[in-house]
2 protein chains.
Amino acid sequence: MIHGHQHFDSGQVIYHQGAGRSFAAVVQSGAVKLVQDEQVVGLALPGDYIGLGCLYESVQIETAIALERSRVCLLHSESELGQHAESVRLLAKEMQQKRWLTRIQQKPARARVCAWLIQISEHHKSRGLSQDRFRLPLNRTDLASYLGLALETVSRLLTGLHNDGLIELHGREITILDRTALSAESTAA
Amino acid sequence: MIHGHQHFDSGQVIYHQGAGRSFAAVVQSGAVKLVQDEQVVGLALPGDYIGLGCLYESVQIETAIALERSRVCLLHSESELGQHAESVRLLAKEMQQKRWLTRIQQKPARARVCAWLIQISEHHKSRGLSQDRFRLPLNRTDLASYLGLALETVSRLLTGLHNDGLIELHGREITILDRTALSAESTAA
DNA sequence: CGGTGAATTGAGCGAGATCAATGTATGTGG
DNA sequence: CCACATACATTGATCTCGCTCAATTCACCG
């Protein structure tokens, strides 16, 4: 049984979909994407739990891949995951994420991108970082997969938001210029 | 505190989104739809739990509406919901549903409909009913909302499946003629 | 019968996908 | 230091799936 934290380089697999002897983990730094059948289905940032499927499934449900050098604290045993009451809370958080995803999937493409940007921004804020200036944790391909769009569409929409003066953009570095408008668009249609 | 089962007529609200003093319940007969912000986000058939949000939220997350005369067993207290370990199992089942939804949302419209038909068919099978002949629990409008499509599209696709000889269809009564093909299409693209 | 709500069918349009080319940043080895 | 390779991002042109709007049709009920 490996305890304590462990490092993963960008692109490294933390665990594979279908793998037995499954375990959960907490992301402590960096960023991790969750992939299910070639589809990006989740994004875990510092503080987020991954692999909670082990609470009720015998094998991992998704593949977890580090998006940049990340530190992850592996939780192999039941006791390391805390009491059951705590487990319910963790599952609940994951459920909220899924609900959010389901809801924005119905919105038009531009709203999805806006909603995601806001979401990432909030996450940064909650970690005490700048909520207006940060690096996008996903590249265009992964972001497109996550939002259920074509990568070209994502690219076009981001430059669109830039042209409309809502954001500043240099590759993956982003600055939010008009959070109000962004937020408004994210709830549109 | 109301105990035991209770009946709801078609269209009756079991609980409202946002309602306090929330509770969970088990559907014992009939069918219930779960609506979140005008959007159908779930369908509960006999044996399914609803309102599990009460495990971690103080107010109901969605509105539950009976689709036909249904018997529902209300679970007001923590103890009626079983031990925590049981709660995790219930949440897990709900999570699976959500994962399924997220996954098919990316597929083309026809695959969504096929996947849903298969899903309902399996549910019937697991209840010991005919897996080939049954009544669709949702009308076209609700089904469209659930699958993220326009109701006209759903209608066209169903008649399409009929023309292709995969199903027999009279209003909401359906007969599955070619489960293999249906299943194959549900995983397409 | 007519009346009401659900389902089907048709015509046209548009958001977003696809295909294809070009651009930009980080390399790596000569 | 420059040519070149690789990966990621942008931009353009075109096509298509599914949406919208509108007109029937169908089933059931008073």
Side-chain angles (χ1 to χ4, degrees), chain A residues 9-12 31 33 38-40 65-69 104-117 135-164 167-175 185-186 188-189, chain B residues 9-11 31 33 38-40 65 67-69 104-117 135-164 167-175 185-186 188-189:
Chain A
D9 280 325
S10 178
Q12 261 200 291
K33 67 173 171 180
E38 303 291 88
Q39 243 245 37
V40 179
I65 301 177
L67 291 162
E68 50 190 275
R69 181 155 181 82
I104 68 157
Q105 294 278 37
Q106 318 285 57
K107 294 182 189 289
R110 179 156 160 141
R112 293 187 214 182
V113 174
C114 291
W116 188 74
L117 291 177
R135 180 182 171 78
L136 300 180
L138 296 176
N139 65 21
R140 303 291 188 268
T141 306
D142 286 338
L143 179 50
S145 169
Y146 185 52
L147 298 179
L149 299 171
L151 83 87
E152 296 94 328
T153 305
V154 170
S155 183
R156 271 185 259 269
L157 288 168
L158 285 172
T159 57
L161 291 172
H162 173 235
N163 292 338
D164 297 352
I167 60 173
E168 193 55 59
L169 190 64
H170 296 100
R172 275 163 75 171
E173 298 296 332
I174 191 174
T175 308
E185 291 233 41
S186 75
Chain B
D9 280 325
S10 179
K33 67 173 171 179
E38 304 290 88
Q39 243 246 37
V40 179
I65 301 176
L67 290 161
E68 49 191 275
R69 182 155 180 81
I104 68 157
Q105 294 280 35
Q106 319 284 58
K107 293 182 190 290
R110 180 156 159 143
R112 293 187 214 183
V113 174
C114 291
W116 188 74
L117 291 176
R135 181 181 171 77
L136 301 180
L138 297 175
N139 65 20
R140 303 293 188 267
T141 306
D142 286 337
L143 179 50
S145 169
Y146 185 52
L147 298 180
L149 300 170
L151 83 87
E152 296 95 328
T153 304
V154 170
S155 183
R156 270 185 259 268
L157 289 168
L158 284 173
T159 56
L161 291 172
H162 174 235
N163 292 338
D164 297 351
I167 61 172
E168 194 55 60
L169 189 64
H170 296 100
R172 275 165 74 173
E173 298 296 333
I174 191 173
T175 308
E185 291 234 40
S186 75

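In what follows, chains are A, B, ... by sequence order, proteins preceding strands, each numbered from 1. All figures in this text were calculated on a predicted structure; none of them were measured in a lab.
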C/dT24 base / A/Arg172 side chain donor-acceptor hit below 3.5 Å: no

side-chain N/O A/Thr159 vs D/dT11 OP1/OP2, d < 4.0 Å: yes

Sugar-phosphate only, base, or nothing, as touched by A/Gly160 at under 4.0 Å among non-hydrogen atoms: nothing

Nearest listed nucleotide, side chain of A/Arg156, among C/dA11, D/dA13, D/dA9: D/dA13

Value in whole Å for how far the C1' atom of C/dT8 lies from CG of B/Asn139: 14 Å

Main-chain N/O of A/Ala111 paired with A/Ser186 side-chain donor or acceptor, under 3.5 Å: no

Distance-minimising heavy-atom pair for A/Leu151 and A/Thr141: CD2-OG1, 3.8 Å

Length of the line joining A/Leu136:CG and D/dC8:C1', which is rounded to integer Å: 13 Å

Euclidean distance, atom CD of residue B/Gln106 to atom P of D/dG18 [Å, nearest integer]: 13 Å

Among A/Leu157, A/Thr153, A/Val113, the one residue meeting side-chain contact (heavy atoms from CB on, under 4.5 Å) with A/Leu147: A/Val113

Interatomic distance where CD belongs to A/Gln105 and C1' belongs to C/dG16 [whole Å]: 14 Å

N/O (side chain, A/Thr153) to phosphate O (OP1/OP2, C/dG16) under 4.0 Å: no

Shortest side-chain distance from B/Leu169, nucleotide among D/dT10, D/dG12, C/dT8: C/dT8

Nearest listed nucleotide, side chain of A/Glu152, among C/dA20, D/dG18, D/dC8: C/dA20

Closest to the A/Arg140 side chain, choosing from D/dT10, C/dT9, D/dC8: D/dT10

Under 3.5 Å donor-acceptor pair, B/Arg110 side-chain atoms to D/dG18 base atoms: no

Sugar-phosphate, base or nothing in reach of B/Leu149, heavy atoms under 4.0 Å: sugar-phosphate

Integer-rounded Å distance: D/dA9 C1' and A/Leu143 CG: 13 Å

Interatomic distance, A/Lys107 NZ vs C/dA15 P [rounded to whole Å]: 17 Å

Sidechain-backbone polar pair: B/Arg135 side chain, B/Arg172 backbone, donor-acceptor under 3.5 Å: no

Under 3.5 Å donor-acceptor, A/Glu173 side chain and A/His170 backbone: no

Spacing between A/His170 atom NE2 and C/dT26 atom C1', to the nearest angstrom: 17 Å

Residue A/Ala150, side-chain heavy atoms: nucleotide from C/dT8, C/dT18, D/dA9 that is nearest: C/dT18

Touch class at under 4.0 angstrom, heavy-atom based, for A/Ala109 against every strand present: sugar-phosphate

Atom-pair distance (CD1 on B/Ile174; P on C/dT8), nearest Å: 11 Å

